[in-house]
**Q** 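What follows is a structure written as structure tokens; I'll ask about it next.
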Amino acid sequence: MSASAAPRPPARTTPTRFPKVNLEPAYSTRLGRAYQADALDVLKQIPSDSVSLIVTSPPFALIRQKAYGNVDAKVYIEWFWPFVEEVYRVLRPDGSFVLEIGGAWNSGSPTRSLYQYELIIRMCQMFYLAQDFYWFNPSRLPTPAEWVTIKRTRVKDAVNPIWWLSKTEHPQADNRQVLRPYSKSMRRLLRDGYDVAMRPSQHEIGPHFGRDNGGAIPPNLMSVPNTRSNELYLRRCKAAGVAPHPARFPFEVPEFFVRFLTLPGQLVFDPFAGSNVTGAAAESADRRWISTEIRADYVEGSRFRFEEPAAEQRRAA
């Protein structure tokens, strides 16, 4: 989702100071610090109103247990709520909380759990829902197998919602930083012009529609395959005998929100960092970052993210 159209240069901001955390980082980079720790322990040490963006993908309430741990849908909201309260406290007044949280199937049934919607509704008693996004992974395997490939009564589940939450109705954001290349038809329109008229949809195409703004405004549907099987992170994990995280963000997802919702020098935090794709995206965009991950092997493997150029991390193998 990262635009190849030249973005408008973002305004500079005074670099955010790192909060004092009574814990030694597992490793540090030019702009970031990674902690092998429980996210709540670190969150409680971060000053109020200090983080510009929290973008994360916590463990989902899946029926099948994963290596990184899962919480049952019936208790998920109560388990996650202490994190929500701390996230709200540490966010700047104009900050954003971006939460990617997939759905789950009810046990033994081809019906969906409502846990993530119940969570978002409760969260919106504190936050505003700035916008909902959807990540479509066209390479997703056809699951759950019982209902999709065996009984053939469902189609594969390939879309995860991403919720953009904020403490104010007007959080910091600038879609000029995430413009996409114009389509061929739009480039032709900019070159040849068009007739000012009312379209059948009742939208009036006025004289300003033909202005070249450097790129197209992206939609809230993010189509990003997650097929990287030969990226440097995986090769280095294998060579070092370190288990890679099995449910990794594609680099383009956190990168989009980092560029969209923050300025260079501001602080980005991922409390469920996994392989720390968010930290790598923040570093590539000249943002400061903090990550926490409770599993030592995932933290150790995440070091390799910072040996790989951002352009390589965007490109599917």
Side-chain angles (χ1 to χ4, degrees), residues 38-40 43 54-88 96-166 219-226 245-250 253-254 257 270-275 277-278 292-295 298:
D38 186 289
L40 271 181
L43 274 166
I54 293 177
V55 55
T56 196
S57 179
F60 302 167
L62 302 177
I63 296 173
R64 179 176 295 179
Q65 286 295 302
K66 300 290 186 178
Y68 50 80
N70 299 93
V71 179
D72 189 272
K74 295 177 182 178
V75 297
Y76 194 93
I77 295 176
E78 297 310 313
W79 168 77
F80 194 63
W81 201 251
F83 298 99
V84 174
E85 292 176 324
E86 288 299 317
V87 164
Y88 187 90
S96 292
F97 178 24
V98 173
L99 177 66
E100 190 253 348
I101 184 165
W105 296 84
N106 292 314
S107 180
S109 170
T111 59
R112 301 285 280 174
S113 168
L114 299 178
Y115 87 98
Q116 80 270 43
Y117 303 110
E118 293 169 349
L119 172 63
I120 292 302
I121 289 172
R122 182 171 171 183
M123 288 175 66
C124 286
Q125 297 174 16
M126 300 170 62
F127 292 92
Y128 291 96
L129 177 57
Q131 195 167 13
D132 49 334
F133 285 75
Y134 299 90
W135 167 34
F136 167 50
N137 178 6
S139 61
R140 188 83 170 262
L141 293 175
T143 59
E146 181 178 1
W147 312 113
V148 177
T149 61
I150 300 174
K151 296 185 178 179
R152 299 282 184 143
T153 58
R154 296 294 184 269
V155 298
K156 72 176 182 177
D157 183 22
V159 176
N160 280 355
I162 301 177
W163 309 99
W164 170 23
L165 303 156
S166 60
N220 64 340
L221 175 64
M222 311 176 74
S223 180
V224 186
N226 204 8
H245 195 280
R248 300 176 301 281
F249 253 163
V253 172
F257 291 104
D270 187 345
F272 299 94
S275 66
V277 183
T278 298
T292 57
E293 168 56 47
I294 201 165
R295 281 193 50 159
Y298 293 160

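Positions are given from 1 along the sequence. Computed from a prediction, not measured in an experiment: that's the story for all the values here.
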**Q** What I'd like to find out is whether the side chain of L99 reaches to under 4.5 Å of the side chain of F80, using heavy atoms alone.
**A** yes
**Q** Measuring from atom CZ of F136 to atom OG of S223, what distance do you get when rounded to the nearest 0.5 angstrom?
**A** 5.5 Å
**Q** Can you see which heavy atom on S96 is nearest to which on W164, and at what distance?
**A**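 Taking every non-hydrogen atom into account, OG-NE1, 2.8 Å.
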**Q** If you measure from CD on E85 to CG on L40, what distance do you get to the nearest 0.5 Å?
**A** 9.5 Å
**Q** So which heavy atom on P250 is nearest to which on V224, and how close?
**A** CB-CG1, 3.7 Å
**Q** Could you walk me through whether I162 and F257 satisfy the side chain to side chain contact (heavy atoms under 4.5 Å, CB included) test, starting with their C-alpha distance in whole Å, then the side-chain angles of each, then the deciding distance to 0.1 Å, before giving a yes or no?
**A** CA-CA 11 Å; I162 301 177; F257 291 104; 3.9 Å; yes
**Q** Calculate, to the nearest 0.5 Å, the distance between atoms OG and CD1 belonging to S57 and I101 respectively.
**A** 8.0 Å
**Q** Salt bridge or not between R154 and E146? Use side-chain N to carboxylate O under 4.0 Å.
**A**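 E146 and R154: not salt-bridged.
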**Q** Using the side chain to side chain contact (heavy atoms under 4.5 Å, CB included) rule, pick out the option among V55, T56, I294, D38 that qualifies with P271.
**A**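 The single option meeting the side chain to side chain contact (heavy atoms under 4.5 Å, CB included) with P271 is T56.
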**Q** Any chance you could measure L129, atom CG, to I120, atom CD1, to the nearest 0.5 Å?
**A**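 If we round to the nearest 0.5 Å, L129:CG and I120:CD1 are 7.0 Å apart.
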**Q** Side chains of I54 and E86: closer than 4.5 Å at any heavy-atom pair?
**A**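 No - every pair of side-chain heavy atoms lies 4.5 Å or more apart.
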**Q** Please name the pair of heavy atoms, one in W147 and one in P110, separated by the smallest distance, quoted to 0.1 Å.
**A**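 Nearest pair, atom of W147 first, then P110: CD2-CB, 3.5 Å.
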**Q** What's the shortest heavy-atom distance between A39 and F83, and which atoms?
**A** CB-CE2, 3.8 Å
**Q** Kindly compute the distance separating OG1 (T149) from NZ (K156), expressed to the nearest 0.5 Å.
**A**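 Answer rounded to 0.5 Å: 12.0 Å.
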**Q** Can you confirm whether Y76 sits close enough to P58 that some side-chain heavy atom of one is under 4.5 Å from a side-chain heavy atom of the other?
**A** yes
**Q** At what distance, to the nearest 0.5 angstrom, does CG of L221 lie from CH2 of W135?
**A** 12.5 Å
**Q** What heavy-atom pair brings V155 and V148 nearest, and what distance separates the two atoms?
**A**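 Heavy atoms of V155 and V148 come nearest at O-CG2, 3.6 Å.
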**Q** Does the pair F127 and V87 meet the rule for a side chain to side chain contact (heavy atoms under 4.5 Å, CB included), with working shown?
**A** CA-CA 10 Å; F127 292 92; V87 164; 4.2 Å; yes
**Q** Could you go through L165 and M123, starting from their C-alpha distance and side-chain angles, then the distance that decides it, and tell me whether this counts as side chain to side chain contact (heavy atoms under 4.5 Å, CB included)?
**A** CA-CA 9 Å; L165 303 156; M123 288 175 66; 3.1 Å; yes
**Q** Using every non-hydrogen atom in the two residues, find where V277 and P254 come nearest and quote the distance to one decimal.
**A**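 What the structure gives for the nearest pair is CG1-CG, 3.9 Å.
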**Q** Measure from NZ or CZ of R112 to the centre of the six-membered ring of W105, then state whether that distance is under 6.0 Å and the direction lies within 45° of the axis.
**A** yes
**Q** State, yes or no, whether a side-chain contact exists between V253 and E100 at a heavy-atom distance under 4.5 Å.
**A** no
